[in-house]
Amino acid sequence: MEMNESEIREIAYNCRKATFLIEKQQIASITLREKLELKIHLAGCSICKTFMQQSFLINKMVHQMAHSSNRSDLKLTLHFKEELQVMISDRLNRS
Amino acid sequence: MQNIESESTSHKNLTNPQTWVVKYADYLFSYAVSKINDEEFARDLVQETFLAALERLDKFEGHSTEKTWLTAILKYKIIDIYRKNASKIPKQADKMDSEYGQDTFFNKDDGHWNEQHRPEEMGIEQPDALISKEFTQVLQKCMSKLPALWHAVFTMKHMDEEETPVICRELKISPSNFWVIIHRTKVNLRECLEKNWV
């Protein structure tokens with residue numbers, strides 16, 4: 001895949017586009033051309049490289065948060081559960 | 001008569017609501033908290049989930065487990081909250097530029113990071129970096145400060161791992177808007193983390 005000089009210059013300096021592609025790539029596939037553009041950009045931009053590492057980490061953390069739903073310390077109070085039980089019995093008797 | 005009666009009571013063989021609280025209440029509660037991060041609200045949702053399930057007992061055919069069925073009801077209720085929150089501020093997507101403008105992050109002309117927004121290392125860049133509880137708390141705080149629509153998009157994608165077309169449909173946004181929000185949210189979250197992580 002060939003790119004002319006001005007195209008290379010454009011992506012090499014465009015951090016907005018590079019970070020956009022970094023985000024898109026983590027969710028969906030990006031085109032071969034976009035992959036190449038991103039590679040060229042990251043080769044010369046340590047700031048976006050840092051962004052990418054931190055972005056990966058944030059996604060990892062969020063994933064962990066989502067899957068920590070079996071937290072055993074998180075429980076409903078006994079009182080609330082009793083209320084729920086009464087509510088369910090009421091409804092069942094009514095129908 | 002025999003037939004009609006056994007039909008109307010058929011769910012009784014498949015599910016027993018009297019056991020729901022003991023079996024699933026805590027699970028549903030922690031599931032809800034992990035999604036909306038608000039214990040009081042999560043408690044109400046558990047109650048609403050049981051109520052909704054009782055109302056459609058006859059729809060439960062035992063194709064999935066009770067737990068899966070109840071979780072699906074809860075999940076739909078959570079999406080409903082996302083949607084309501086997101087629509088509280090009308091036309092928020094249009095206001096994105098003025099209110100939460102990306103323009104301050106990147107140079108308008110060449111797209112380069114503006115100096116005061118350039119990501120700096122936080123000492124967590126290695127792939128195997130340990131994530132402390134404190135760091136997660138900072139992230140949660142940063143997430144709670146996001147505009148409602150962004151929060152909904154981000155949570156549905158990264159926490160619920162919902163399909164992109166589903167998110168676009170539920171929140172009534174276009175695919176291109178989706179990607180813009182995903183990008184801007186991350187740029188904002190990242191900066192919030194850097195500012196608040198000392």
Side-chain angles (χ1 to χ4, degrees), chain A residues 9-24 26-28 30 41 45-78 80-92 94-95, chain B residues 17-18 20-22 25-35 37 39 42-43 46-47 50-51 54-55 57 102 105-107 110-113 118-122 124-127 129 131 135-136 139-140 143 154-155 157-161 164 179-180 182-183 185-187 189-190 193-194:
Chain A
R9 203 179 303 125
E10 201 183 302
I11 182 63
Y13 289 103
N14 196 331
C15 298
R16 182 195 288 119
K17 184 162 188 197
T19 52
F20 181 87
L21 291 177
I22 288 167
E23 290 314 303
K24 192 167 183 184
Q26 291 180 72
I27 292 172
I30 59 175
H41 183 91
C45 182
S46 63
I47 301 172
C48 284
K49 231 184 270 169
T50 300
F51 173 88
M52 184 169 74
Q53 289 162 335
Q54 293 172 347
S55 174
F56 287 170
L57 183 89
I58 290 171
N59 280 10
K60 201 170 128 190
M61 285 166 69
V62 172
H63 186 81
Q64 278 185 6
M65 274 158 58
H67 292 83
S68 63
S69 57
N70 48 0
R71 278 172 56 186
S72 51
D73 56 316
L74 221 81
K75 285 201 164 84
L76 286 164
T77 61
L78 222 58
F80 189 71
K81 283 191 203 167
E82 280 164 11
E83 280 179 14
L84 286 176
Q85 193 69 55
V86 170
M87 176 193 84
I88 289 174
S89 301
D90 273 1
R91 298 271 160 158
L92 287 175
R94 228 189 282 170
S95 59
Chain B
Q18 296 284 8
W20 287 354
V21 175
V22 173
D26 283 329
Y27 168 77
L28 293 172
F29 177 60
S30 60
Y31 180 93
V33 172
S34 78
K35 307 289 179 198
N37 202 23
E39 295 192 17
R43 227 178 48 172
V46 174
Q47 182 171 5
F50 285 148
L51 279 176
L54 287 169
E55 266 163 33
L57 266 184
Q102 188 91 336
F105 283 96
F106 299 101
N107 182 294
D110 60 18
H112 208 332
W113 289 99
R118 281 180 199 161
E120 280 177 34
E121 294 203 357
M122 291 184 256
I124 41 98
E125 284 73 25
Q126 316 81 339
I131 303 166
F135 202 73
T136 309
L139 179 65
Q140 278 172 332
M143 280 173 66
F154 186 81
T155 316
K157 188 72 234 178
H158 290 297
M159 291 187 78
D160 306 340
E161 285 156 21
T164 302
W179 291 113
V180 170
I182 282 287
H183 180 219
T185 302
K186 186 61 76 61
V187 173
L189 268 184
R190 196 219 62 80
L193 263 182
E194 189 184 303

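Sequence lines set the chain letters: A, B, ... in the order given, protein chains first and strands last, and positions in each chain run from 1. These numbers were taken from a predicted model, which means no experiment stands behind them.
When each of A:L76, A:I22, A:V62, A:L57 is checked for heavy-atom pairs under 4.5 Å with chain B, A:L76 comes out on top. Interface summary for chain A: among B:M159, B:K186, B:H158, the most heavy-atom pairs under 4.5 angstrom belong to B:K186. Listed options A:C48, A:S55, A:S46 were ranked by heavy-atom pairs under 4.5 angstrom with chain B; first place goes to A:S55. Ranked by non-hydrogen atom pairs under 4.5 Å with chain A, the options B:T136, B:L28, B:V22 are led by B:T136.
Aromatic rings of B:W113 and B:F106 (six-membered ring for Trp) have centroids within the 6.0 Å cut-off, being under it.
For chain A, the nearby parts of B:F135 are the backbone and the side chain; heavy atoms of each come within less than 4.5 Å. The parts of B:L51 that come within reach of chain A are both its backbone and its side chain, each placing non-hydrogen atoms under 4.5 angstrom from that chain. Contact annotation for B:M143: only side-chain heavy atoms (C-beta onward) come within less than 4.5 Å of a heavy atom of chain A. Contact of A:Q26 with chain B is made through the side chain alone, with heavy-atom distances under 4.5 Å. Only the side chain of B:E55 comes within less than 4.5 Å of a heavy atom of chain A; its backbone N, CA, C and O stay farther away. Contacts of B:T164 with chain A are made by side-chain atoms alone, with heavy-atom separations under 4.5 Å and no backbone atom involved. Of the atoms belonging to B:I124, heavy atoms from both backbone and side chain fall under 4.5 Å from chain A.
Residues A:R16 and B:H112 fail the side-chain proximity criterion, which asks for heavy atoms closer than 4.5 Å. Side chains of A:L74 and B:D26 form no contact here, defined as non-hydrogen atoms less than 4.5 Å apart.
In this structure, B:E194 contributes its side chain and B:M122 its backbone to no donor-acceptor pair below 3.5 Å. In this structure a side-chain-to-backbone donor-acceptor pair under 3.5 Å is missing from B:E125 to A:Q54.
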Inset, instruction - Go through the steps for B:L193 and B:L189 under the test side-chain contact (heavy atoms from CB on, under 4.5 Å), then give the verdict. - result: CA-CA 6 Å; B:L193 263 182; B:L189 268 184; 6.0 Å; no

Inset, instruction - Go through the steps to decide whether B:F29 and A:F80 satisfy the test side-chain contact (heavy atoms from CB on, under 4.5 Å), and finish with yes or no. - result: CA-CA 11 Å; B:F29 177 60; A:F80 189 71; over 6 Å; no

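Using cut-offs of 30° and 60° on the angle between ring planes, the pair B:W20 and B:F50 is parallel.
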